[in-house]
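Take a look at the structure below.
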2 protein chains.
Amino acid sequence: MRMMISNSSSVPIYEQIKENIIHQIMNHELLEGEILPSIRSLSKDIKISVMTIKKAYDELESEGYITSIQGKGTFVAPQNTQLVQEQVRREIENHIEKAVTLSHRFQIPVEELTQLIEIFDRGDEE
Amino acid sequence: MRMMISNSSSVPIYEQIKENIIHQIMNHELLEGEILPSIRSLSKDIKISVMTIKKAYDELESEGYITSIQGKGTFVAPQNTQLVQEQVRREIENHIEKAVTLSHRFQIPVEELTQLIEIFDRGDEE
DNA sequence: CCACTGTTATATATAGTATATAACACTATA
DNA sequence: TATAGTGTTATATACTATATATAACAGTGG
């Protein structure tokens with residue numbers, strides 16, 4: 001499993017692990033039902049304490065991303081696509097709203113925002 | 001001075017104070033050269049330890065927002081408008097880029113983003 | 001001198017983060 | 001059934017960030 005951890009970051013290690021896994025689920029690099037590395041193996045792999053991995057997995061489970069089964073392992077939970085879509089829309093709205101608010105505050109024409117969208121829209125497709 | 005502090009927030013108090021003052025400077029509610037409340041008076045006012053206020057002011061000073069003069073007080077530093085504009089543009093670009101990336105990842109047409117801009121653009125002017 | 005500024009230092013408390021270790025419980029399999 | 005792998009729970013320890021309280025020091029201005 002791909003997992004980049006910065007030990008010096010101010011972001012807690014368990015948060016980095018969470019973000020990493022959520023990101024992989026969102027990008028379908030991890031699929032529904034797929035098994036995650038066991039707590040102990042991931043612990044050895046990235047040299048992080050078992051308890052820290054456990055904390056990350058616990059929170060991911062309580063947030064509905066994964067499911068742990070004692071004795072078997074930890075698996076990617078079925079995605080509630082509608083819920084995900086709603087969360088994503090909310091996140092997008094937040095970004096746009098903040099951008100617009102900043103434009104107003106500093107008198108930047110909103111046309112520049114639409115231009116930025118076009119630029120990133122092109123530059124982002126691979 | 002207007003200052004809302006949430007004691008239960010996960011955001012540190014000194015960070016909340018910083019954000020609050022930066023926001024007021026950005027919105028020209030605090031003007032260049034204007035004097036800020038003294039550390040002790042603000043401490044009494046919002047019932048926060050002197051040292052916490054000091055920490056907030058220290059960081060604001062090292063970030064160039066304010067200037068402290070021993071025995072006199074703490075003042076809003078002259079704004080480097082060009083630098084501010086650049087920072088704002090960078091922040092706006094970040095928001096737009098994230099919104100576009102999410103749209104791509106979840107196959108939401110970017111046209112919806114431009115629509116959102118229009119909506120917030122209208123809704124935001126008072 | 002006095003009353004207000006900011007500055008520095010010390011001690012203390014609490015919470016979050018991270019580690020190490022151990023024991024327990026469940027599953028699958030040789 | 002023994003064993004080796006899972007997750008779970010508990011305990012102790014350490015470090016850091018945050019926040020508080022208190023005190024003393026230093027500069028400004030009336």
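Sequence lines set the chain letters: A, B, ... in the order given, protein chains first and strands last, and positions in each chain run from 1.
Taken residue by residue, residues 3-12 of chain B places heavy atoms nearer than 4.0 Å to DNA chain D at Pro12(B). For residues 64-79 of chain A, proximity to DNA chain C is found at Gln70(A), Gly71(A), Lys72(A), defined as any non-hydrogen atom under 4.0 angstrom from a strand atom. For DNA chain C, the residues of residues 41-61 of chain A within the heavy-atom distance limit of 4.0 Å (strictly under) are Ile48(A), Ser49(A), Met51(A), Thr52(A), Lys55(A), sorted by number.
Between Glu61(A) and Thr67(A), the shortest heavy-atom distance links the atoms OE2-CA, 3.7 Å. The nearest pair of heavy atoms linking Met26(B) to Phe106(A) is SD-CZ, 3.5 Å.
Put simply, CD1 on Ile22(A) and CD on Glu19(A) are 7.5 Å apart, with the number rounded to the nearest 0.5 Å.
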Which pairs of donor and acceptor atoms, one on a side chain in residues 109-119 of chain B, lie under 3.5 Å apart (sequence neighbours left out)?
from, atom 1, to, atom 2, distance (Å)
Glu112(B), OE1, Arg89(A), NH2, 2.9
Glu112(B), OE2, Arg89(A), NH2, 3.1
Thr114(B), OG1, Glu111(B), O, 2.6

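Annotation: side chain to side chain donor-acceptor pair (under 3.5 Å) contacts of Thr52(A) (sequence neighbours excluded): none. Checked against side chain to side chain contact (heavy atoms under 4.5 Å, CB included), Ile69(B) has the following partners two or more places apart in sequence or in another chain: Lys72(B), Phe75(B). Annotation: side chain to side chain contact (heavy atoms under 4.5 Å, CB included) contacts of Met51(B) (sequence neighbours excluded): Ser49(B). Take Arg90(A) and apply the salt bridge (charged side-chain N to carboxylate O under 4.0 Å, His left out) test, not counting sequence neighbours, and it matches no residue.
Counting only residues at least two apart or on different chains, no ring pair (Phe, Tyr, Trp, His ring centres under 6.0 Å) pair has a member in residues 30-50 of chain B. Pairs engaging residues 31-44 of chain A under the side chain to side chain donor-acceptor pair (under 3.5 Å) rule: Ser38(A)-Ser41(A) [sequence neighbours left out].
For DNA chain D, the outermost nucleotides in 5' to 3' order that have an atom under 4.0 Å from a heavy atom of chain B are dT18(D) to dG29(D).
Salt bridge status for Glu91(A) with Lys98(B): absent, with no side-chain N to carboxylate O gap under 4.0 Å.
Taking five base pairs at each end of the helix from dC1(C)-dG30(D) to dA30(C)-dT1(D), the local helix axes there meet at an angle of 0°, rounded to 10°.
Side-chain contact between Val76(A) and Tyr65(A): absent, with no pair of heavy atoms (C-beta onward) separated by less than 4.5 Å.
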